[in-house]
Amino acid sequence: MTDAIFAPAHSRWLASPRRLLRLTAGLWLFGTGEALLIASGLGNSPWTVLSEGVSRQTPLSIGQATIAISFAALLLWIPLRQRPGIGTVANAIVIGFAIDVMLSVIGRHHSTATEIVCMLAGVPVVAVGSALYLGSYLAPGPRDGLMTGLHRRSGRPIAAIRATLEVAAAGAGLALGGTFGIGTIWFALAIGPAVALALRVVGARDLHAL
């Protein structure tokens, strides 16, 4: 994903109520999908492996750890000269908050069948949330901006940078006690095609491929 996916005609800080609703709904769905993967106990998305690992080593909840990691990623935007927007700030806060709220609703320690359903459902829910969020054109989230900033500075392919960041996040999270498993692999393999499909379904047609 590059900064070109965000149409320049759209302001990153001024938005209509409709765009703000789309942004908020997308971020909440994103957090809900992450909560489903956590609830499955079968493996989190790579960055949430890290968040759970941090939460196991600190007093923070998984959602609070997600917020803390998001703002830490934003600090790395400074030397990369990335430009944030309202979507960047909202992403850093809303997803983590949604994870904690929805995880309390969904709960943990389910039957095996329910765990599998949660794992399978997590990816499409994250994908729809991503499509709605990206389609609001209110700037990338902390992790996406870090990825595109590194791409711009280094000239290395986006795919290689994304894979490096996610492997590093998952590896660090696993070392800290985060849950890495089949759900993590499912997320890594399925999220790209799922988001591409969701972008078409929600009508975000002026976005390039992620």
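Side chain to side chain, Gln64 and Ser55 fail the donor-acceptor criterion of an N or O pair below 3.5 Å. Under the 3.5 Å distance criterion, with hydrogens and angles disregarded, no donor-acceptor pair is assigned to the side chains of Thr48 and Ser51.
The two atoms that bring Tyr133 and Pro140 nearest to each other are OH-C, 2.9 Å, heavy atoms only. Pairing each heavy atom of Thr164 with each of Ala160, the nearest pair is OG1-O, 2.8 Å. Taking both residues in full, the closest heavy atoms of Ile67 and Phe97 are given as CD1-N, 4.1 Å, listed atom of the first, atom of the second, then distance. Nearest heavy-atom pair across Cys118 and Leu36 is CB-O, 3.4 Å. Looking at every heavy atom in both residues, Met102 comes nearest to Trp28 through SD-NE1, 3.6 Å. When all heavy atoms are compared, the tightest approach of Val123 to Ala190 is CG1-CB, 3.9 Å.
With hydrogens and angles ignored, the 3.5 Å screen pairs a side-chain donor or acceptor of Gln82 with a backbone N or O of Gly145. Listed for the Thr24 side chain is no donor-acceptor partner under 3.5 Å among the backbone atoms of Leu21. Proximity of a side-chain donor or acceptor of Trp77 to a complementary backbone N or O of Arg83 within less than 3.5 Å is not detected. Listed for the Arg153 side chain is no donor-acceptor partner under 3.5 Å among the backbone atoms of Arg81. Under the 3.5 Å distance criterion, the side-chain polar atoms of Glu34 are left unmatched by any main-chain donor or acceptor of Ile99. Under the 3.5 Å distance criterion, the side-chain polar atoms of Arg12 are left unmatched by any main-chain donor or acceptor of Leu138. In terms of modelled atom types and a separation under 3.5 Å, the side chain of Ser70 and the main chain of Thr66 share a donor-acceptor contact.
Under the 4.5 Å side-chain heavy-atom criterion for grouping Ile, Leu, Val, Met, Phe, Trp and Tyr, Ile182 is connected to Ile116 within one hydrophobic cluster. Val101 and Val126 end up in the same hydrophobic cluster when Ile, Leu, Val, Met, Phe, Trp and Tyr side chains are linked at under 4.5 Å. Under a hydrophobic-cluster definition in which Ile, Leu, Val, Met, Phe, Trp and Tyr are linked whenever side-chain heavy atoms come within less than 4.5 Å, directly or via other members, Ile161 and Leu76 are assigned to the same cluster. Hydrophobic clustering, with ILVMFWY side chains joined whenever heavy atoms are under 4.5 angstrom apart, groups Trp186 together with Ile38. Note: the hydrophobic cluster containing Leu37 does not contain Val49 (ILVMFWY, side chain heavy atoms under 4.5 Å, direct or indirect links).
The side-chain heavy atoms of Arg18 and Arg22, taken from C-beta on, include no pair separated by under 4.5 Å. In this structure, Phe71 and Ile93 have side chains that are in contact, with non-hydrogen atoms separated by less than 4.5 Å. Counting only heavy atoms from C-beta outward, the side chains of Met147 and Ile158 approach each other to under 4.5 Å.
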Please lay out, stage by stage, how Arg162 and Leu165 fare under the test side chain to side chain contact (heavy atoms under 4.5 Å, CB included).
CA-CA 5 Å; Arg162 177 170 183 167; Leu165 289 173; 6.0 Å; no
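Here CG of Leu50 is found 8.5 Å from CZ of Arg143. Values are rounded to the nearest 0.5 Å. Atoms CD1 and CH2, from Ile86 and Trp13 in turn, are 7.0 Å apart once rounded to the nearest 0.5 Å. Taking CH2 of Trp47 as the start and CD1 of Ile95 as the end, the distance is 12.5 Å to the nearest 0.5 Å. Rounded to the nearest 0.5 angstrom, Leu74 CG and Leu146 CG are separated by 9.5 Å. Distance check: His109 NE2 to Thr114 OG1 gives 13.5 Å after rounding to the nearest 0.5 Å. Rounding to the nearest 0.5 Å gives a distance of 10.5 Å between OG1 of Thr184 and CD of Glu166.
Glu115 pairs by the salt bridge (charged side-chain N to carboxylate O under 4.0 Å, His left out) definition with nothing, not counting sequence neighbours. Scanning for salt bridge (charged side-chain N to carboxylate O under 4.0 Å, His left out) contacts around Arg156 gives an empty result, with sequence neighbours left out.
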